[in-house]
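The residues of the chain are indexed from 1 along the displayed sequence.
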Amino acid sequence: MLIDVASTRIDWVAEHCQLLRSISAEFKDTLPFRGLTIGTGIHLEAKTVALILTLRDGGARLVSTGNLNTTQPEAVAALRAEGVVVIGEPTKDRELHGRYLGEVIAARPDLILDNGGDLFATYLDAPYDGLRGGTEETTSGRMRLEPLRDRLKLPILVINDSPIKQFAENEHAVGQSTLESYLRFTNRVTNGEQVTVFGYGACGRGVAASFRGACARVTVVDTDPVARLRAHLDGFAASPREEAIGSADVIITVTGARDVLTAADLPLLRDGVIVANAGHFPAEIDVEAIAGSAGVVGTREYPDDLMTLELKDGRRIHVISRGHMLNLAGPRPLGNSIESMDLGFALQARCLEAVANGSVDASSCVVPVPGTIDAAIATSYLDRKYPAAPVA
């Protein structure tokens, strides 16, 4: 038997991104991005390689950079080998990351594929003629861009507001990958542990359900009383915030907001608690302020991006990946499942196609994916799972 020793995880992912493979084959004929430059600021890992190369197959010139602490060198190397311009290397440095974003915008892309609103915000600092619009991947980015609609005045389709993205990736895949990453980081038991999940949107629902499925006892905290009620009726505890923090063995934030857990919460945290963030930006847990608090007298750094804070009173607080998104950090970061990302990235490709060909205009500024695109992607996926029986 012959073994291809050159095959990589990127090859494995490409093999199983069936929607993107189909779209890529179509784009090679239709060339919807011929003559256009697409600037991307998104996690650079195996699955985004498949997306970026699909856009390249549509005739685009790609200028790409990553997000904080999630850029994988193998992905960068693979893209550069394919002729994609990749700016920067893996970094946790916000200032350096900002310079990378500025270099993407300096290329004056015709379309932007954004993740967290970074590129569109950078564009507004130095706007130029010719930007047609683009896409935003996340809830965090949508929250950031909505107040900027009057300045942007461009078609910007929010992938995360697609129902497909909500249930396929956010609820099912984020929950699954967050649990998998927690186990990979800590090698700790979940059975019987008290896990507090901050946020009960689609991602929070998935995280809470996955940890309950791993035999943890789960409490949900949300600022929205309707979301708390939903969590309660779904069978989770919905205790007041202080009680939920104080009883937790594990705390996971997944809200899209800033300063969810801060230094002011230190007195509430029990000895040995593990804190982690599954949200897009590393700002939900104010790790810098917590680690710099007067009550912290020592810090222990472990391999694989684990840190323990030692407090004056003898308590220990364990922090995963310094508050960066844990399912794309640490050892062997795989992120969400291939199939869920294939669905979400198929939405990306079709939405960028719609912006490029003028199917959407400036009235679609920071709005959900058009229903026609949702329906087409869902049909394409299901047709592969349930092919029609041959006609006799």
Side-chain angles (χ1 to χ4, degrees), residues 9-10 40-49 51-52 64-79 86-104 113-119 121-122 137-141 144 169 173-174 177-186 198 203 207 251-261 274-292 299 301-309 318-336 341:
R9 171 152 293 278
I10 290 171
T40 77
I42 195 168
H43 309 294
L44 292 180
E45 49 99 18
K47 293 177 284 290
T48 47
V49 170
L51 169 61
I52 289 170
S64 301
T65 196
N67 290 144
L68 283 169
N69 197 42
T70 60
T71 297
Q72 297 179 9
E74 298 84 358
V76 173
L79 288 170
V86 181
I87 294 171
E89 304 293 342
T91 185
K92 294 182 182 178
D93 186 317
R94 292 174 187 271
E95 183 178 343
L96 184 58
H97 176 58
R99 293 207 294 270
Y100 294 161
L101 296 168
E103 289 186 48
V104 173
L113 190 165
D114 211 351
N115 197 38
D118 286 331
L119 283 177
T122 303
E137 175 80 1
T138 66
T139 296
S140 301
R144 185 178 182 183
E169 186 178 340
V174 170
S177 66
T178 298
L179 173 62
E180 181 272 329
S181 297
Y182 173 82
L183 296 171
R184 171 169 45 83
F185 265 104
T186 67
F198 274 84
C203 291
V207 171
I251 296 174
I252 298 175
T253 59
V254 56
T255 68
R258 299 181 62 89
D259 296 332
V260 177
L261 200 69
I274 298 171
V275 300
N277 170 50
H280 175 72
F281 285 117
E284 301 202 23
I285 303 171
D286 191 351
V287 174
E288 184 176 346
I290 292 172
T299 301
E301 299 276 2
Y302 298 93
D304 300 337
D305 220 1
L306 290 167
M307 176 174 68
T308 295
L309 305 177
H318 308 299
V319 183
I320 295 178
S321 192
R322 290 185 172 269
H324 287 264
M325 190 172 66
L326 82 160
N327 64 348
L328 272 174
R332 202 164 183 260
L334 298 180
N336 293 333
M341 298 301 291

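Contact of the P282 side chain with the N69 side chain is not registered, since no non-hydrogen atoms from C-beta on lie closer than 4.5 Å. Looking at heavy atoms from C-beta onward, D118 lies in side-chain contact with N67 at the 4.5 angstrom threshold. Annotation: side chain of T186 is not in contact with side chain of H318 (no heavy-atom distance under 4.5 Å). The shortest side-chain heavy-atom distance between E137 and E169 falls under the 4.5 Å cut-off.
In this structure, the separation between CG on N115 and CZ on F281 is 8.0 Å, given to the nearest 0.5 Å. Separation of atoms OH (Y100) and CD (E95) is listed at 11.5 Å; rounding is to 0.5 Å. Atom CG of residue N277 and atom CG of residue L261 lie 10.0 Å apart, to the nearest 0.5 angstrom.
With respect to I285, the side chain to side chain contact (heavy atoms under 4.5 Å, CB included) criterion is satisfied by exactly one of V260, I252, I290: I290. Checked options T71, I42, L101; the residue passing with T65 is L101 (criterion: side chain to side chain contact (heavy atoms under 4.5 Å, CB included)). The only option from V319, I320, I274 that meets the side chain to side chain contact (heavy atoms under 4.5 Å, CB included) definition with L306 turns out to be I320.
Residues L113 and L119 come closest through the heavy atom pair O-CD1, 3.9 Å. Taking every heavy atom of both residues into account, V49 and A75 meet most closely at CG2-CB, 3.7 Å.
Partners of E89 by side-chain hydrogen bond (donor to acceptor under 3.5 Å, both in side chains), not counting sequence neighbours, listed by chain and number: R80. Remark: S64 pairs with T40 by the side-chain hydrogen bond (donor to acceptor under 3.5 Å, both in side chains) rule, at least two apart or across chains.
With salt bridges taken as basic N to acidic carboxylate O contacts below 4.0 Å, none links R99 and E103.
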Next item on the list: Go through the steps for I52 and L44 under the test side-chain contact (heavy atoms from CB on, under 4.5 Å), then give the verdict.
Entry: CA-CA 10 Å; I52 289 170; L44 292 180; 3.8 Å; yes

Note to self: T70 vs E45, test: side chain to side chain donor-acceptor pair (under 3.5 Å). Steps then yes/no.
What the structure shows: CA-CA 8 Å; T70 60; E45 49 99 18; over 6 Å; no

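Listed for the R144 side chain is a donor-acceptor partner under 3.5 Å among the backbone atoms of G116. Judged by distance alone, with hydrogens and angles left aside, the side-chain atoms of H97 form no donor-acceptor pair with the main-chain N or O of T91 at under 3.5 Å.
By the neighbour-count criterion of 12 heavy atoms within 6.0 Å, atom CD of E301 is densely surrounded, having more than that number from other residues, nucleotides or ligands.
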Which side-chain N or O atoms in residues 323-335 pair as donor and acceptor under 3.5 Å with protein atoms at least two apart or in another chain?
| from | atom 1 | to | atom 2 | distance (Å) |
| --- | --- | --- | --- | --- |
| N327 | ND2 | S177 | OG | 2.8 |
| N327 | ND2 | N336 | OD1 | 3.3 |

